[in-house]
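Here's the structure we're looking at; comments come further down.
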Amino acid sequence: MAEVEKVSSQLEDNLVNNATNATARIPATPEGMAVAYGSLLIMALLPIFFGAFRSVKHHKEQKESGEKPDTMTQKDAAMFPLIASAALFGLYIFFQTFSKEYINLLVTGYFFFLGVLALCHLMSPVISSLVPAAIPNIPFHLQFSKGKDEEKSDIIDYNFTSHDIFCLICCSVVGAWYLQEKHWIANNLFGLAFAVNGVELLHLNNVVTGCILLGGLFVYDIFWVFGTNVMVFVAKSFEAPIKLVFPQDILEKGIAADNFAMLGLGDIVVPGIFIALLLRFDNSLQRNSKTYFYSTFIAYILGLVMTMFVMHVFKHAQPALLYLVPACLGTPMIVAILKGDLTAMFQYEDHPSEEQSVKEPSNSEVTSTPATKIPLKVKKEK
């Protein structure tokens, strides 16, 4: 009898545990998964589309001001996957060794500061336009220098207005919400701001550098997702807005849902900066068309849909760059071959180096050919 009572007691405990686990997280329905994947797809496309056009404006401003930006070299692109691997594995070791709470507390404070600034940069034009006209737009200039006279150099030289201060307050409210609740909506607001700013401000100087970067990260993503559980473990443990999330049980639980599908910002920003480069290449051709941008943008959509489809079928995390890199590299190459622009594409540079720039003839130099010589007329002043 004691044996029977013991077995029945264990069965009751198992039934209770199973019931508790079943009520803790509602399984994703097909409708909920469709909503989640569709929302992630839209959230991934918005930063690339708007960030690419903002990058064109930023590139034009740099040229007009004569600013020489720090662009990624081919060596930097080749080293990037190795550096990213070291950082990823370092985080994995940290999470395995130390308490996740303390690490995430430190990281949360860091990303709170960066997130507020990124959101301000993105939302400043919108919020400034909504400020009532009764509030004056007073300009301010913050300057902090070291040295004096000829040795003086600016450490901080920043112009802003009272409307920018109002924008900072609004974005700080979102940051406080994120700090307090870690809500997925606040996470996505910061994540979208990071993604748009990344596509806008991170410039690949030429297509060759982009091919090296995407090719290296293609191998990086496959290895760390399929070869180990490191990337999945870090993505689930790292409480920071470095990924976009959307609940698969939102139809059942509303905004309090907690069964998330996720997409890393790297799967948005890295292909995004390459697509933005193609948009600037389109503009350099001066054909009143954006063939390379739109064709690669559509290829990115198809690659991301394929990622989600395979993930749904095999019920396993997928390295998105496995599908995105061939789509984003293969499509513009095929289009360039068909249009005869392959050489022009690989020769294009956002900021040509001095060695590769065409040297303009000076006043003392006269170029001519044996067939036709251009006469040089000099008008003498009386």
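Sequence positions, counted from 1, serve as the residue numbers for this chain.
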Check your understanding: Looking at residues at least two apart in the chain, or sitting in another chain, which of them share a side chain to side chain contact (heavy atoms under 4.5 Å, CB included) with Ala186?
Key ->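 By the side chain to side chain contact (heavy atoms under 4.5 Å, CB included) rule, Ala186 matches Trp177, Tyr178.
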Report the distance from atom [atom1] of [X] to atom [atom2] of [Y], rounding to the nearest 0.5 Å.
{"X": "Glu349", "Y": "Leu277", "atom1": "CD", "atom2": "CG", "answer": "10.0 Å"}
{"X": "Cys170", "Y": "Met123", "atom1": "SG", "atom2": "CE", "answer": "9.0 Å"}
{"X": "Asn188", "Y": "Phe246", "atom1": "CG", "atom2": "CZ", "answer": "8.0 Å"}
{"X": "Asp76", "Y": "Leu213", "atom1": "CG", "atom2": "CG", "answer": "10.0 Å"}
{"X": "Leu338", "Y": "Thr291", "atom1": "CG", "atom2": "OG1", "answer": "11.5 Å"}
{"X": "Ile169", "Y": "Ile127", "atom1": "CD1", "atom2": "CD1", "answer": "10.5 Å"}

Check whether any side-chain heavy atom of [X] lies under 4.5 Å from a side-chain heavy atom of [Y], and answer yes or no.
{"X": "Phe309", "Y": "Val313", "answer": "yes"}
{"X": "Met231", "Y": "Val234", "answer": "no"}
{"X": "Val116", "Y": "Phe190", "answer": "yes"}

Exercise for review: Heavy atoms only: give me the nearest Gly272-Val199 pair and the separation to one decimal.
Suggested key: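 For Gly272 and Val199, the tightest heavy-atom pair comes out as O-CG1, 3.7 Å.
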Between [X] (side chain) and [Y] (backbone), is there a donor-acceptor pair under 3.5 Å?
{"X": "Asn259", "Y": "Pro247", "result": "no"}
{"X": "Asp249", "Y": "Glu252", "result": "no"}
{"X": "Asp221", "Y": "Leu321", "result": "yes"}

Check your understanding: Using 4.0 Å as the upper bound for N to carboxylate O, is an ion pair formed by Asp341 and Arg287?
Key ->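 Looking at Arg287 and Asp341, the cut-off is met.
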Review item, side-chain donor-acceptor pairs of residues 45-55, under 3.5 Å, at least two apart:
residue : atom : partner : partner atom : Å
Arg54   : NE   : Glu200  : OE1          : 2.9
Arg54   : NH2  : Glu200  : OE1          : 3.2
Ser55   : OG   : Ala52   : O            : 2.5
Ser55   : OG   : Arg280  : NH1          : 3.1

Check your understanding: Are a donor atom and an acceptor atom from the side chains of Ser295 and Lys290 found within less than 3.5 Å of each other?
Key ->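 Lys290 and Ser295 do not have a side-chain donor-acceptor pair below 3.5 Å.
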Check your understanding: Any chance the side chains of Asp164 and Ser124 put a donor and an acceptor closer than 3.5 Å?
Key ->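 Asp164 vs Ser124: donor-acceptor pair found between side chains.
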Review point. Got a sec: does the NE2 of His58 have more than 12 other heavy atoms crowding it under 6.0 Å?
Key: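 For His58, atom NE2 is crowded (more than 12 foreign heavy atoms under 6.0 Å).
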**Study point:** Met306 atom CE, over 12 foreign heavy atoms within 6.0 Å
**Key:**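 Count not over threshold, so no.
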Exercise for review: Show which residues join Met79 in its hydrophobic cluster (side-chain heavy-atom contacts under 4.5 Å, direct or indirect), or state none.
Suggested key: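 Taking Ile, Leu, Val, Met, Phe, Trp and Tyr as members, Met79 shares its hydrophobic cluster with Leu82, Ile83.
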